[in-house]
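Keep in mind that what you see is a predicted model, and the values were worked out from it rather than measured. Reminder, nothing fancy here: chain letters follow the sequence lines and each chain counts from 1.
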Protein chains: 2
Amino acid sequence: MATVRDVAALAGVSISTVSRALSAPGMVSESTRERVEQAAKKLDYRPNPTARGLRVGRTTTLGLLVPDLENPFFASITKAVQSRGRTSGYAVLIADSDEDASQELELVSMLAAQVDGLVLASPRSSDVSLLAAVDGLPTVLLNREVDGLASLAVDNAGGVRQSLGHLRALGHRTVAAVSGPAGSWSGAERRRGLEVAGAELGVEVVDVGHFRPTFAGGVAAADLVAASGATAVLTYNDLQALGLVDRLRQRGLEVPRDLSVVGFDDVSVATLVSPALTTVQIPLAALGRGAVDLVVEQLDGGDDAPAPGRRRAAAAREDRELLDLEDAAPDGGGDRDDDLSDLAEDHLPQRSRLSVELVVRGTTSVPAAVA
Amino acid sequence: MATVRDVAALAGVSISTVSRALSAPGMVSESTRERVEQAAKKLDYRPNPTARGLRVGRTTTLGLLVPDLENPFFASITKAVQSRGRTSGYAVLIADSDEDASQELELVSMLAAQVDGLVLASPRSSDVSLLAAVDGLPTVLLNREVDGLASLAVDNAGGVRQSLGHLRALGHRTVAAVSGPAGSWSGAERRRGLEVAGAELGVEVVDVGHFRPTFAGGVAAADLVAASGATAVLTYNDLQALGLVDRLRQRGLEVPRDLSVVGFDDVSVATLVSPALTTVQIPLAALGRGAVDLVVEQLDGGDDAPAPGRRRAAAAREDRELLDLEDAAPDGGGDRDDDLSDLAEDHLPQRSRLSVELVVRGTTSVPAAVA
DNA sequence: ATGAAAGCGCTAACAG
DNA sequence: CTGTTAGCGCTTTCAT
C-alpha cells in the first residue's frame, strides 16, 4: 500500500499537505489539492485506518454483541446496525455470545479495546458486570436498561397488553404465558406487564415457566401449555411460538381451532408459516438504526472534550494520580489541559422506547368453548 | 486505559521488558515476569490493539462479506466465521452488500484496508473486479471460484444430482428448476449439473428463469412452475421453496400431493414449516469454519516472509520502484531485505469442496399421475 | 536478561 | 497556505 510519503513525493509536497488536502480540502490551495488528489488516485492511496486510529484515538469502529446470530431477530438487528454504522462512517465488529453470559463479558472486554462504541443487544449479564466491562465506553443497550447506560428498548408492557386485549376480545378468559430465559430483562418486563394487564382485563394468566427463546424451547413448552387449561398462549418470541404450534399439531391439536397463540417480535418467518403468526411487531430496523444513532450521539456529544478515547485515557490516568498521590512529577505529557469539572455528566444517558404493534394473523381466533 | 509506560513504571522496569514479559514470557526472568504481570493486572492493562497493529502490520481482524444477513444461510455462516475467528485469535468485521454487486466492491475495498484477511460469501462481482478489490489480501471465497483466489464451495452438481435422482425414483419425469440470481456462480453450477443429471436419468428439466433467492422470489416463480407441466420442482434455495409452497397453496395446489418440491441449503426454517422441506443439506458451520481456516492458513503460510501487511507494502513499493526506475536513492528505509524471488507463489491457492446430502422430508412424494 | 531507541503511518500543533 | 516536528502505544532491533 502506498503511504502519505509516496503521495507527497509524487505530488511534490510535504506529507502534512497530503494529509490536509485529503481530509481538510479547505485548508490548501486549489492547485495543490488537485495535484495531491491526482497523485493519490494514481497510487491508489488509502489512508491506513490503523495509523489514523492510533494518532486520533478513534477507530471508527463499533462493536455489536448479540446472543445468537441465527435468531432472525438479531440477524435483522445486526443488518440494520451494520447498515446504519456504515452510513455514519463506522465499521462494525460482531460478537456472538451464544446466549452465554460469561462469554458475553469476555467478548465485551475484547471489543471494548478496539472500538469507539458498543451496541449490546439483549445482554444477559448483571448490571454491575456490564458496567465494568464497558468501562466508560459509549454504549447503547438494546432491550435492556441499566442505570448509567443509554438504552433503546421496546414497549414490552404495551405489547403484552395489546396481545391480551385481543385475546380477551375474542373471548379468552385464561391464557398461558411461556417465559423466556430466566435472566431476560424484557422477559421480566413482559411478565410484569402481563400481571397488570391480566388484572385490568379480567383474564387469568398462568405462567408455564422459562424456556429457551428458540423453536426447541417452544416445543418443550407445548405440553405444559396444553395441560394448563388455557385457551390461548403468549410466547416469549416467534421462534417459540413456531415450536409450540408444531408440537401441538403433532399432538392433534389444531391452531387456532383448539388453541390461540400469539408470538412476539414479528421476525420474517412469522409470515412464512401457515397459519401465519399473530404477533407483536417490533420495528427491527429502527431498533438497530436507533442504537447506532445513540452511540454516535455520545461520540459526538463528547467532542467538546478531546477525542473520546484519549479523553477517557487522560481522565483515568488523572484519577489514578489523584488517588495514589504518587508520580507527582509531570512526565512530559502535554495533555494536562482537561478539566475535572467536565467529568460530571450533566445529561443522563438517554433511555428510549419504541412502540410496538400487534399484528393479527392466523393463529388467533374465538375459543372453541365460546364458538 | 493504562499503557505500557504505566505498567513499566509500576513494575520498575523498562517498557520493552513489559512488552516482552507479556508476549514472550520466555525471554525474561521469572521474577520480573511476575512483577510485570502483577502490575499489569493491578492497572487492568490491555495492550492497545491499534498500536500493536500499526507496529506489527497485523490487525488480527478478519473481514466477512455477505449478500444478506437476514438470509439464514448467511446468518449461519456469519455465526460460524465469527466463532472460529475468535478461537483463532481474530475479530471479525462484517459487511452486508444487500445483494448489490457495486456496493459489494466498495465494501470489500473498505474492509481490505483494515483487516488481515477476507472471507467473501457468494460474491456477485466479476472475477476481475474481485481480484482487484482484494488487492492481494489473503482471501477465501465461499460458494464461488475465481482463478488466483482460495475458495470453499459445496458440491452443487452432486446436490442437484441427488435431488433429481430422488425425484426420478419417485416417478417424476419432468421437473421444473427455478434459478437464483442471474450472476450466481453456484446457480450456474447447478444448472450445468442439472443438465447432465437430467440427461443421465432421463428426466426433462425445464428452467423457469431467474428469481431472487428469497421467499418473495419463490412466490414469484410459483405460477410459472405450475404452468410448466412439471410434477416436481427444484428451487435455488430453501427460502424460495417456502415462498413457492405458500403461493401454490393459495392457488389450491397442495404440496406434495400436486407438486413435489425440493430446496437447497437446509436452513433451519426448512424444518419449521409443515410439511417440512425436502432439501439438500449444506454443512453451514463447516463452511464458515473452513473459510476461516483457509484464511488463517494463508496468513501463517506467509510467515516466513515478514508480516503479511508489511510484506505486501514492501513488495508493492519495490514493484513501483522497479517500474518507474526513479527514486533511486535509498530513502532511509531499512527493510530492503525482501527477496523478489519469493514473489512467485509456488503453491496455488486452495480450492476445496464440501459434500452435501439430500435430506428427504415432507415436500416430495409420488406424482399424482403415477399414484 | 534488560534498556535505549527507532519507527509503523498518520494527524495536529507550531512555525514560518 | 505550507513544511517541520512531535508523538499516538506498541514491538523489535541493537547494544549492553
Side-chain angles (χ1 to χ4, degrees), chain A residues 1-9 11-33 35-36 40 43 45-60 113-114 306-307 309-314 317 331-335 337, chain B residues 1-9 11-36 40 43 45-60 113-114 306-314 317 331-335 337:
Chain A
M1 283 293 150
T3 79
V4 259
R5 261 120 99 133
D6 300 318
V7 179
V13 296
S14 75
I15 61 167
S16 35
T17 299
V18 172
S19 178
R20 285 189 199 106
L22 266 31
S23 56
M27 286 178 61
V28 299
S29 80
E30 184 64 15
S31 63
T32 55
R33 190 185 57 73
R35 246 170 341 123
V36 170
L43 299 178
Y45 168 72
R46 320 269 281 178
N48 178 328
T50 306
R52 188 212 293 278
L54 180 57
R55 177 64 241 238
V56 178
R58 275 182 179 235
T59 58
T60 58
Q114 46 197 316
R310 310 202 43 209
R311 178 68 194 74
R312 284 197 309 134
R317 197 177 304 126
D331 54 21
D335 53 351
D337 48 41
Chain B
M1 284 292 152
T3 79
V4 259
R5 261 120 100 132
D6 299 319
V7 179
V13 296
S14 74
I15 62 168
S16 28
T17 299
V18 173
S19 178
R20 285 187 198 106
L22 266 30
S23 56
M27 286 178 59
V28 298
S29 80
E30 184 64 15
S31 64
T32 55
R33 192 186 56 73
E34 260 181 24
R35 241 166 349 117
V36 170
L43 298 179
Y45 169 72
R46 321 269 279 175
N48 179 329
T50 305
R52 189 212 294 277
L54 180 57
R55 176 65 239 240
V56 177
R58 277 182 178 236
T59 58
T60 58
Q114 44 197 315
R310 309 203 45 210
R311 178 70 193 72
R312 286 197 308 134
R317 196 178 304 126
D331 55 21
D335 52 351
D337 50 39

- Distance below 4.0 Å between A:Thr17 side-chain N/O and D:dG3 OP1 or OP2: yes

- Find the distance A:Leu54:CG to C:dC8:C1' and express it as a whole number of Å. 9 Å

- Task: Please answer whether the main-chain N or O of A:Ala11 pairs with a side-chain N or O of A:Arg35 as donor and acceptor at a distance below 3.5 Å.
- Result: yes

- Specify the separation, in whole Å, of atom CD of A:Gln114 and atom P of D:dG9. 16 Å

- Here the gap from A:Arg20 atom CZ to A:Ile15 atom CD1, rounded to the nearest 0.5 Å, amounts to 10.0 Å

- Are A:Thr50 and C:dC8 close enough that a side-chain N or O sits under 4.0 Å from OP1 or OP2? no

- Of A:Ile15 and A:Ser31, the one whose nearest nucleotide on DNA chain D sits closer to the 5' end is A:Ser31

- Message: How long is the straight-line distance from CG of A:Asn48 back to CG of B:Leu54, given to the nearest 0.5 Å?
- Response: 6.5 Å

- Query: When we call it a touch if two heavy atoms are under 4.0 Å apart, what does A:Ser16 touch: a base, just sugar-phosphate, or nothing?
  - Reply: base

- Message: Does B:Ser19 reach a base, just sugar-phosphate, or nothing at all? Heavy atoms under 4.0 Å.
- Response: base

- Looking at every strand, decide which applies to B:Ser23 at a 4.0 Å heavy-atom threshold: base, sugar-phosphate, or nothing. nothing

- Query: Please give, in whole Å, the distance from D:dT2 C1' to A:Leu22 CG?
  - Reply: 15 Å

- Message: Of the listed nucleotides (D:dG3, D:dC8, C:dC8), which one gets closest to any side-chain atom of B:Arg5?
- Response: D:dC8

- Integer-rounded Å distance: C:dG9 P and A:Tyr45 OH: 10 Å

- Query: Does B:Arg52 make a side-chain N or O approach to OP1 or OP2 of D:dG9 shorter than 4.0 Å?
  - Reply: no

- Item | Side chain of B:Ala51 - closest among D:dC10, D:dT2, C:dG9 | D:dC10

- Measure from CZ on B:Arg20 to P on D:dT11 and round the result to the nearest Å. 11 Å

- Query: Taking atom P of D:dT11 as reference, at what distance in whole Å does atom CG of B:Asn48 sit?
  - Reply: 9 Å

